[in-house]
Amino acid sequence: MKNKILNTVIFVAIVSFAIGCKQKTEEVAIDKEQIKNEIQAIENRMAEMYNNRELSTEEYYADDAISFSQNKPPLEGKAAIYKSIKEDLLSFQKGHQIAFVANEVLPSPQGNQVVEIGSYRVSDSTSTAIYTGNFMAVFEKRDGKYVCIRDMAASDRPKIEIAKPEDKKDTKK
């Protein structure tokens, strides 16, 4: 009988110790709408940079960001990404405007990372859409603000086929 009581006491002590040592996870209240507004404000600043044709010291990208674009190898690092943006701005027609829209944000449980699913629209001076596209971006909160660590975009424009020399037929007879 004494062994049974002793075993029960030891078992209860072990269970109590295990429960007491269990790490408590802190619940963080995530305001998805507030995060979406914050990401949209970042996108608005990026669009403003394009529309003003000025490469600013915008803090959109993290130093270690990687950007994936169509028909280009991945751009690694903020310097490479901004160099590419600078080149894009040279061919961005005067009068054209771009707008980025954060359609959906998917924050991590702690809110320190956010996946954004968005779209963009390039319009002419009459606000007529010239082309549109979609993008995904991953933001991470660093030093209290979100910065993009990965992104990729795809235009909805149809692919332009370039005629190959072997495709040309000799019409002279």
Side-chain angles (χ1 to χ4, degrees), residues 21-125 127-160 162:
C21 290
K22 183 180 176 185
Q23 287 185 339
K24 296 178 183 175
T25 55
E26 203 173 300
E27 290 289 322
V28 176
I30 299 295
D31 185 347
K32 196 172 176 180
E33 198 59 36
Q34 186 272 331
I35 292 172
K36 185 176 183 181
N37 291 338
E38 198 170 333
I39 297 297
Q40 184 61 59
I42 294 167
E43 294 299 353
N44 292 346
R45 288 192 300 273
M46 179 60 92
E48 187 178 323
M49 181 186 71
Y50 267 90
N51 295 335
N52 292 335
R53 276 64 172 180
E54 295 177 0
L55 187 59
S56 66
T57 57
E58 176 64 40
E59 294 298 323
Y60 186 89
Y61 289 101
D63 290 336
D64 58 345
I66 299 175
S67 183
F68 301 88
S69 298
Q70 292 183 148
N71 307 315
K72 292 181 184 179
L75 300 168
E76 296 187 33
K78 185 190 236 180
I81 296 167
Y82 280 125
K83 180 180 179 201
S84 178
I85 291 173
K86 190 174 184 177
E87 291 166 1
D88 289 347
L89 287 174
L90 294 174
S91 62
F92 195 61
Q93 283 189 296
K94 207 169 202 141
H96 287 185
Q97 300 283 302
I98 193 166
F100 299 104
V101 178
N103 296 323
E104 184 177 8
V105 294
L106 306 164
S108 66
Q110 300 299 317
N112 58 336
Q113 286 192 333
V114 177
V115 173
E116 172 195 16
I117 300 169
S119 59
Y120 64 90
R121 178 178 188 226
V122 175
S123 304
D124 65 15
S125 59
S127 296
T128 301
I130 299 169
Y131 63 92
T132 58
N134 300 286
F135 64 91
M136 290 182 75
V138 179
F139 288 87
E140 188 170 86
K141 198 164 238 188
R142 296 184 180 175
D143 297 325
K145 62 182 180 174
Y146 287 111
V147 290
C148 183
I149 59 171
R150 300 288 185 275
D151 71 354
M152 65 183 349
S155 173
D156 293 338
R157 286 195 276 191
K159 184 177 176 184
I160 298 171
I162 300 173

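Start at 1 with the first residue, then count along the sequence.
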Exercise. Which atoms form the tightest heavy-atom contact between A62 and K78, and what is the distance?
Worked result: O-CB, 3.6 Å

Problem set entry | Residues R142 and D64 bridged, charged N to O under 4.0 Å | yes

Exercise. Short question: side chain of R53, backbone of Q93 - any donor-acceptor pair under 3.5 Å?
Worked result: yes

Seminar exercise, completed: Interatomic distance, CZ@R45 vs CZ@F100, rounded to 0.5 Å, equals 13.0 Å

Exercise. Do you know which two heavy atoms are closest between D124 and H96, and how far apart they sit?
Worked result: CA-CD2, 3.8 Å

Seminar exercise, completed: In this structure, CG of D143 is separated from CD of E59 (nearest 0.5 Å) by 10.0 Å

Exercise. Just wondering, do I98 and F92 contact through their side chains at under 4.5 Å, heavy atoms?
Worked result: yes

Problem set entry | Heavy-atom side-chain contact between L75 and Y61 under 4.5 Å | no

Exercise. Roughly how far apart are Q97 CD and I130 CD1, rounded to 0.5 Å?
Worked result: 10.0 Å

For this session: Drop me the distance from I42's CD1 to F139's CZ, to the nearest 0.5 angstrom.
Result: 5.0 Å

Exercise. Atom OH in Y131, atom OG in S155: separation rounded to 0.5 Å?
Worked result: 6.5 Å

Listed pairs under 3.5 Å, donor-acceptor, residues 112-120 side chains, sequence neighbours left out:
from, atom 1, to, atom 2, distance (Å)
N112, OD1, S108, OG, 2.8
Q113, NE2, E140, OE2, 2.7
S119, OG, N103, ND2, 3.2

For this session: State, to 0.1 Å, how close K72 and S84 come at their nearest heavy-atom pair, and which atoms those are.
Result: NZ-OG, 2.8 Å

For this session: Under the ring-ring contact (aromatic ring centres under 6.0 Å, His included) rule, collect the residues that match up with Y146, sequence neighbours excluded.
Result: none

Seminar exercise, completed: Of all heavy-atom pairs linking E76 and A80, the shortest is O-CB, 3.5 Å

Exercise. With sequence neighbours excluded, what pairs up with N52 under the side-chain contact (heavy atoms from CB on, under 4.5 Å) test?
Worked result: E48, E54

Exercise. With sequence neighbours excluded, what pairs up with Q34 under the side-chain contact (heavy atoms from CB on, under 4.5 Å) test?
Worked result: D31, E38

Problem set entry | For K32, all residues meeting side-chain contact (heavy atoms from CB on, under 4.5 Å), sequence neighbours excluded | V105, L106, P107

Seminar exercise, completed: Rounded to the nearest 0.5 Å, the CG atom of N51 sits from the CG atom of L89 at a distance of 9.5 Å

For this session: Work out which heavy atom in C148 is nearest to a heavy atom in A65; give both atom names and the distance.
Result: O-CB, 3.4 Å

Problem set entry | Non-hydrogen atoms of R121 and S127 that approach each other most closely | NH2-O, 3.1 Å

Problem set entry | side-chain contact (heavy atoms from CB on, under 4.5 Å) partners for Q40, two or more places apart | E43, N44, V101, A102

